[in-house]
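A quick write-up on the structure given underneath.
Bear in mind that the values here come from a model prediction, so they are computed numbers and not experimental data.
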Amino acid sequence: MRLQLRVIAYPALIMLLLVAGCKQKQSVESTQNKPSAVNRPAEPEKVSKSTQPVLARPSGPIQFADVTAQAGIHFRHNSGAFGKKYLPETMGSGVCVLDYDNDGWQDILFVNSMDWPGHKSSKSYPALYHNNHDGTFTDVTRQAGLATEMYGLGCAAADYDNDGFEDIYITALDGSHLFHNLGNGKFADVTARAGVRSSGFATGAVWFDYDNDGKLDLFVSHYVDWSIATDQFCSLDGTHKSYCTPEAYKGQSATLYRNKGNGAFEDVTKKVGLYDPTSKSLGIALLDYDSDGWLDLFVTNDTQPNKLYHNNHNGTFTDTAFSAGVAFSDAGKARAGMGTDAADYDGSGRPGLVIGNFTNESMALYQNDGSGLFTDKATDSGIAAASAKSLTFSAFFFDYDLDGWPDIFAANGHVADDVSVVQPTVHYAEPPLLFRNRGKGRFENVSTKVGSAMRQAIVGRGAAYLDFDNDGDLDLVITTSNGAARLLRNDNGNQNDMLRIKTIGTRSNRDGIGAKVTVRTNKGLRHFEMVKTGSSYLSQSELPLTFGLGKPEEGKLVSVSITWPSGKKESISDIKPNQFITLKEGSGVVSDEPVIFSRASSQSVPSH
């Protein structure tokens, strides 16, 4: 983050069974023989609820409605600011989406910070909101055992021990926390036993299986070497203190923890070639950019070159960012990279990259040409000019209109609350941006066309997408710096067909993180996605994949191909659209349930 500063030192609805569900053809082909993962919990036999009626679709323009209050979400982020302008206060906090109790409804975890020593007025904790299945949430932080005070920043959620329940990792200043899901609605802090404290200025985090052994490993990015004792004096006007840029401090290396399979991890950062104390890292995106079956890491850096860590298949990584063309801007300068995500936005079958950058730097949109090279298409795509005046933190792909083309969302907000003093045209609070994918690499700025909630200026930081009301379209949850969180419901986004997919690994990690899923329809649509953690800024969206299938057509059927991290390939055909299906490695579809489009009835959707 760069400024010109001077450094001076419903009730339940009974659903009637109508007709027999469609038969789904499945073929399974094992293409590799990789080591088995640890023991897994028994899985239920296939359950089909596809005979239940699907209610009528809504109509009208797509609008995002602010339903934060009516949903019962009252979270406010506390930066601890009291006038000293400490650097961490500018960071805000992340938000993670997870189904921690396996009831088929997505829950929300908000990360929080705290007051500084000597200036404490109250305690602040992260907040876990349980989804009540009726459009509302309940704060269950204390009963869940998560009321731990920390200067929290980011989060990542996944089932690291393959016991069937998602665990939570929260990054923090001078000591992150790993909370093990006990499966009874409660979590236990197992940081010490697991050995993943990751001291320092920890920011982003991702769970991924870098060595393909069926166990999730943990990558944690770090920002700069800062403490109250080493805090620098920076100023916009030469007199009053302002927030420093990261250029005032030395960087900190990211950390990679290898999962040993016994509840403990080992720090393998140097061993695998990831140690780099010059990095000032924030965003992390998982991708397999060269389609070799091994997960790579893209890491954004603030005022330092971005990193693209190629997985060498032998337990080591090589930074290929410079040769791939993603280290610097086209002008050869390091930008203030923050949030990032990877997705097949152009229908090529290859993951491209989106990056949130500083004011006047514009967002970046890198197209993957398949040869190991990326080209920044932000200007050609139409997102550069619209984002140039914004300071973008969270940035991710999601298909808000379910037309089969991933769109882009960006949460914006400046870092300096006094920036207007020296730059009158730049504001601390900024409205989000929504870019609709028109295909052929072009995007349309629809931010002002999707409701007043999207036009409201906020000091945006973390953001994620989720289908909190199980109506098939994707909603948004956003955090603000030292302010209230916002839940934006997607109204009328489900007028198109869709297919939602949850993955369960057996030889692969249980969440299926790294699984590559390709969906095709008999009407010509094809789309690719990968199950992943992380992305955005200090945040994580829901793990289930949502595939937009375009306009409803008579006789539309879907085929799904999946390549698991273990190397096993499976294909399932003759799937009807507008379902939530669960794919289990080696077993194909083990559950299928209809999507209920009517919002008034969405509360009665059965559990997944």
Side-chain angles (χ1 to χ4, degrees), residues 60-68 92 95 338-341 343 345 352 354-365 377-403 405-415 419 425-466 473-481 483-496 535-537 539 541 548:
I62 300 175
Q63 305 277 285
F64 282 90
D66 190 335
V67 296
T68 314
V95 55
M338 284 168 278
T340 186
D341 193 16
Y345 76 88
V354 65
I355 307 170
N357 293 307
F358 207 80
T359 307
N360 297 322
E361 291 183 337
S362 299
M363 296 172 65
L365 180 66
K377 297 290 188 177
T379 299
D380 295 341
S381 71
I383 74 169
S387 64
K389 295 182 180 180
S390 299
L391 197 166
T392 300
F393 275 84
S394 290
F396 55 77
F397 296 100
F398 79 131
D399 189 356
Y400 82 94
D401 56 357
L402 302 174
D403 65 352
W405 294 93
D407 311 299
I408 296 173
F409 175 79
N412 308 309
H414 214 278
V415 294
V419 64
T425 61
V426 179
H427 305 284
Y428 185 43
E430 302 174 338
L433 290 170
L434 179 63
F435 297 99
R436 180 176 179 269
N437 192 331
R438 297 170 54 193
K440 298 182 179 180
R442 298 287 299 174
F443 288 81
E444 174 190 4
N445 183 6
V446 296
S447 308
T448 62
K449 301 177 182 179
V450 291
S452 59
M454 199 68 77
R455 297 193 293 268
Q456 182 179 336
I458 58 174
V459 186
R461 292 296 185 264
Y465 61 82
L466 72 162
D473 55 26
L474 296 173
D475 314 296
L476 294 166
V477 59
I478 310 168
T479 68
T480 65
S481 182
R486 304 179 75 211
L487 179 65
L488 305 186
R489 188 184 64 202
N490 185 336
D491 290 343
N492 301 328
N494 51 7
Q495 296 176 65
N496 283 327
S535 292
S536 188
Y537 169 77
S539 301
S541 298

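- A search for side chain to side chain contact (heavy atoms under 4.5 Å, CB included) contacts involving Glu444 returns Arg436, Arg438, Val446, Lys449, not counting sequence neighbours.
- In this structure, the side chain of Thr340 engages the main chain of Val354 through a donor-acceptor pair within 3.5 Å.
- Shown here for Ile355 and Ala395, the closest heavy-atom pair between the two residues is C-CB, 4.4 Å.
- In this structure, CG in Asp407 is found 6.5 Å from CG in Leu434, a value given to the nearest 0.5 Å.
- Atom CG in Asp401 sits 10.0 Å away from atom CG in Leu474 (nearest 0.5 Å).
- Between the OG atom in Ser541 and the CG atom in Leu466 there is a gap of 8.0 Å [rounded to 0.5 Å].
- Although no hydrogens or angles enter the test, the distance criterion places a donor-acceptor pair under 3.5 Å between the side chain of Thr68 and the main chain of Leu487.
- Take Pro406 and apply the side chain to side chain contact (heavy atoms under 4.5 Å, CB included) test, not counting sequence neighbours, and it matches Phe397, Asn437, His527.
- Partners of Asn412 under the side chain to side chain donor-acceptor pair (under 3.5 Å) rule, at least two apart in sequence or in another chain, are Thr392.
- Contact check for Asn490 versus Leu488: no side-chain heavy atoms found under the 4.5 Å cut-off.
- Distance check, rounded to the nearest 0.5 Å: OG of Ser390 to CG of Asn360 gives 10.0 Å.
- Across Ala386 and Asn445, no two heavy atoms sit closer than the pair CB-ND2, 3.7 Å.
- Taking both residues in full, the closest heavy atoms of Pro432 and Met454 are given as CD-O, 3.3 Å, listed atom of the first, atom of the second, then distance.
- Put simply, the side chain of Arg489 never gets that close to the backbone of Ala65: no donor and acceptor are under 3.5 Å apart.
- Between the Asp341 side chain and the Ser535 main chain, no donor and acceptor come within less than 3.5 Å of each other.
- For the pair Met363 and Ser387, the tightest heavy-atom approach, listed with the atom from each and the gap, is N-OG, 3.0 Å.
- For Tyr537 against Gly339, the heavy-atom pair with the smallest separation is CB-CA, 3.9 Å.
- Atom OG1 of residue Thr425 and atom NZ of residue Lys389 lie 7.0 Å apart, to the nearest 0.5 angstrom.
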Between His414 and Phe393, does a ring-ring contact (aromatic ring centres under 6.0 Å, His included) hold up when you go through it step by step? CA-CA 9 Å; His414 214 278; Phe393 275 84; 9.0 Å; no
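- Considering all non-hydrogen atoms of both residues, Asn357 and Glu361 come closest at CB-OE1, 3.5 Å.
- Judged purely by atom type and a 3.5 angstrom limit, Asp403 has no side-chain atom pairing as donor or acceptor with the backbone of Asn496.
- With sequence neighbours excluded, the residues satisfying side chain to side chain contact (heavy atoms under 4.5 Å, CB included) with Ala463 are Ser394, Phe396, Phe409, Ala411, Ile478, Ser536.
- Within the 4.5 Å cutoff, side-chain heavy atoms of Ile408 are placed close to those of Leu365.
- For the atom pair CZ of Arg461 and OG1 of Thr479, the computed distance is 8.5 Å after rounding to the nearest 0.5 Å.
- In this structure, Phe64 has no ring pair (Phe, Tyr, Trp, His ring centres under 6.0 Å) partners at least two apart in sequence or on a different chain.
- Under a 3.5 Å cut-off, the side chain of Arg486 and the backbone N or O of Ala453 do form a donor-acceptor pair.
- With sequence neighbours left out, the side chain to side chain contact (heavy atoms under 4.5 Å, CB included) criterion links Ala457 to Ala429, Pro431.
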